[in-house]
Amino acid sequence: MNAFAEELRPVREAATHTALRLDRLVRTYRQGSRVIEVLAGASADIHPGEAVALVGPSGAGKSTLLHIAGLLETPDSGHVVVGGRDCTGMGDHERTRVRRLEMGFIYQFHQLLPEFSALENVMIPQMIAGHGRRQAAVHADQLLGALGLAERVHHRPAELSGGEQQRTAIARALANHPRLILADEPTGNLDPHTADHVFEALIHLIRHTGVAALIATHNLDLARRMDRVLRLDDGILIEVPRSAIH
């Protein structure tokens, strides 16, 4: 873990910009003649090295917000700024490049490629980004080792437990030294004991690498253990004290 952290720390200490800025995001959908306003001017800053919980009732728009933050969806108005760069008006090619090099994604279901080992699943995004196979393998091995999977690197997803699969997904999300992690219910498919272990592993890496993380969760206990809590309420983001989460 320490070697991996030391490798990333100079990159993060050199960063001078907010990792993610969401500026007055508006997003509406139309259902027949009905207009549904999901985001109504949502704004937030996410800083390097902090884990921010995104909470709110089902249907509030948390996944929509994450999709827009991850440049997978375009807002009707407002801006998404990643590392000081306004990405809102970018074309598809440049948005894909930012996602590949600046962001890591973690989902409720791990979405690992079943025909590849844990090591290969973490190598693949690095190779897509242009890294050589040997370099990718060494880094993947370091990441998986840091997450307690040193003895499981050559196992395929079907041979891993749910917690091991999700820790592999965390390693994959961090493979390209992202500036930002976006996670949508990353422990939602796990039992409470396993969820706690996976959460601790994720927070440990966030603390030691300086990556910023915006984590949507219904698990209020986990939300209280993050640095800040943002509640999506009537289309806007409200920061709430962790002690008020219940």
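Applying the ring-ring contact (aromatic ring centres under 6.0 Å, His included) test to residues at least two apart or on different chains, the pairs with a partner in residues 180-202 are His193-His197.
For Glu50 (side chain) and His47 (main-chain N/O), a donor-acceptor pair under 3.5 Å exists by modelled atom type. Looking at Thr18, its side chain never comes within 3.5 Å of a backbone N or O of Leu20 through a donor-acceptor pair. Using a distance-only test at 3.5 Å, with no hydrogens or angles considered, no donor-acceptor pair links the side chain of Ser117 to the main chain of Arg156.
Closest heavy-atom contact between Pro114 and Pro157: O-CD, 3.7 Å. Leu25 approaches Leu39 most closely through the heavy-atom pair O-CB, 3.5 Å. Of all heavy-atom pairs between Asp184 and Ser63, the closest is OD2-OG, 3.0 Å. Contact detail for Arg95 and Cys87: the closest heavy-atom pair is NH1-O, 3.6 Å. Residues Val26 and Ala40 approach most closely at CG2-C, 4.2 Å, considering heavy atoms. Scanning both residues, Asn176 and Arg100, for their nearest heavy atoms gives ND2-O, 3.5 Å.
Within a 6.0 Å radius of CZ in Arg21, no more than 12 heavy atoms belonging to other residues, nucleotides or ligands are found. Other residues, nucleotides and ligands contribute at most 12 non-hydrogen atoms within 6.0 Å of the CG atom of Asp234. Under a cut-off of 6.0 angstrom, the local environment of CD in Glu115 is crowded, with over 12 non-hydrogen atoms contributed by other residues, nucleotides or ligands.
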Check your understanding: Where do His218 and Lys62 land on the side-chain contact (heavy atoms from CB on, under 4.5 Å) test, with the steps shown first?
Key -> CA-CA 10 Å; His218 282 107; Lys62 297 188 299 295; 3.6 Å; yes
Practice item. Go through the steps to decide whether Leu160 and Thr168 satisfy the test side-chain contact (heavy atoms from CB on, under 4.5 Å), and finish with yes or no. Key: CA-CA 9 Å; Leu160 302 174; Thr168 301; 3.9 Å; yes
Point to revise | Stepwise side-chain contact (heavy atoms from CB on, under 4.5 Å) check, Glu120 with His154 | key: CA-CA 8 Å; Glu120 290 166 333; His154 297 299; over 6 Å; no
Practice item. Starting from the C-alpha separation in whole Å, work towards a yes-or-no answer on side-chain contact (heavy atoms from CB on, under 4.5 Å) for Arg179 and Val82. Key: CA-CA 8 Å; Arg179 184 186 303 275; Val82 179; 4.2 Å; yes
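Between Val229 and Val52 the shortest side-chain heavy-atom distance does not fall below 4.5 Å. Using a 4.5 Å heavy-atom threshold, the side chains of Glu37 and Tyr29 count as separate. Side-chain contact check for Leu232 versus Leu230: every heavy-atom pair is 4.5 Å or farther apart. The closest side-chain heavy-atom distance from Asp23 to Val81 is not below 4.5 Å. No side-chain heavy atom of Pro178 sits less than 4.5 Å from a side-chain heavy atom of Glu102. Looking only at side-chain heavy atoms (C-beta outward), Ile215 and Leu182 stay at 4.5 Å or farther from each other. Side-chain contact between Arg85 and Met90: present, with at least one pair of heavy atoms (C-beta onward) separated by less than 4.5 Å. With a 4.5 Å cut-off on side-chain heavy atoms, Leu214 and Ile181 do not count as touching.
Only one option out of His139, His177, Arg133 pairs with Gln126 in a side-chain contact (heavy atoms from CB on, under 4.5 Å); it is His139.
The salt bridge (Lys or Arg N to Asp or Glu O under 4.0 Å) test applied to Arg27 returns Glu73, Asp76, not counting sequence neighbours. Not counting sequence neighbours, the partners of Ile124 by the side-chain contact (heavy atoms from CB on, under 4.5 Å) test are Leu113, Phe116, Ile128. In terms of the side-chain hydrogen bond (donor to acceptor under 3.5 Å, both in side chains) criterion, Asp92 has no residue partners (sequence neighbours excluded). Residues satisfying the side-chain contact (heavy atoms from CB on, under 4.5 Å) criterion with Arg34, sequence neighbours excluded, are Gln31, Ile36. For Asp221, the side-chain hydrogen bond (donor to acceptor under 3.5 Å, both in side chains) test picks out Arg225, with sequence neighbours left out.
Under the 3.5 Å distance criterion, with hydrogens and angles disregarded, no donor-acceptor pair is assigned to the side chains of His204 and Arg207. A side-chain donor-acceptor contact under 3.5 Å links Thr88 and Asp86.
Atoms CZ and CG, from Arg152 and Leu119 in turn, are 14.0 Å apart once rounded to the nearest 0.5 Å. Here Leu65 contributes atom CG and Leu22 contributes atom CG; the two are 5.5 Å apart, rounded to the nearest 0.5 Å. The distance from atom CZ of Arg167 to atom CG of Leu149, rounded to the nearest 0.5 Å, is 4.5 Å. If you take CD on Glu200 and CG on Leu222, they are separated by 8.5 Å, rounding to the nearest 0.5 Å. In this structure, CZ on Arg228 lies 5.0 Å from CD1 on Ile46, to the nearest 0.5 angstrom. Here Ile106 contributes atom CD1 and Leu202 contributes atom CG; the two are 5.0 Å apart, rounded to the nearest 0.5 Å.
Clustering ILVMFWY residues whenever any of their side-chain heavy atoms sit less than 4.5 angstrom apart, transitively, puts Leu72 in the very cluster that holds Val98. Residues Val38 and Leu54 share a single hydrophobic cluster, defined by chaining ILVMFWY side chains whose heavy atoms lie under 4.5 Å apart. In the hydrophobic clustering of ILVMFWY residues, with side-chain heavy atoms under 4.5 Å counting as a link, Val240 and Leu220 come out together. A chain of hydrophobic side-chain contacts below 4.5 Å, direct or via other Ile, Leu, Val, Met, Phe, Trp or Tyr residues, connects Leu174 to Met127. Grouping the Ile, Leu, Val, Met, Phe, Trp and Tyr side chains by contacts below 4.5 angstrom, directly or via other members, places Leu112 apart from Leu144.
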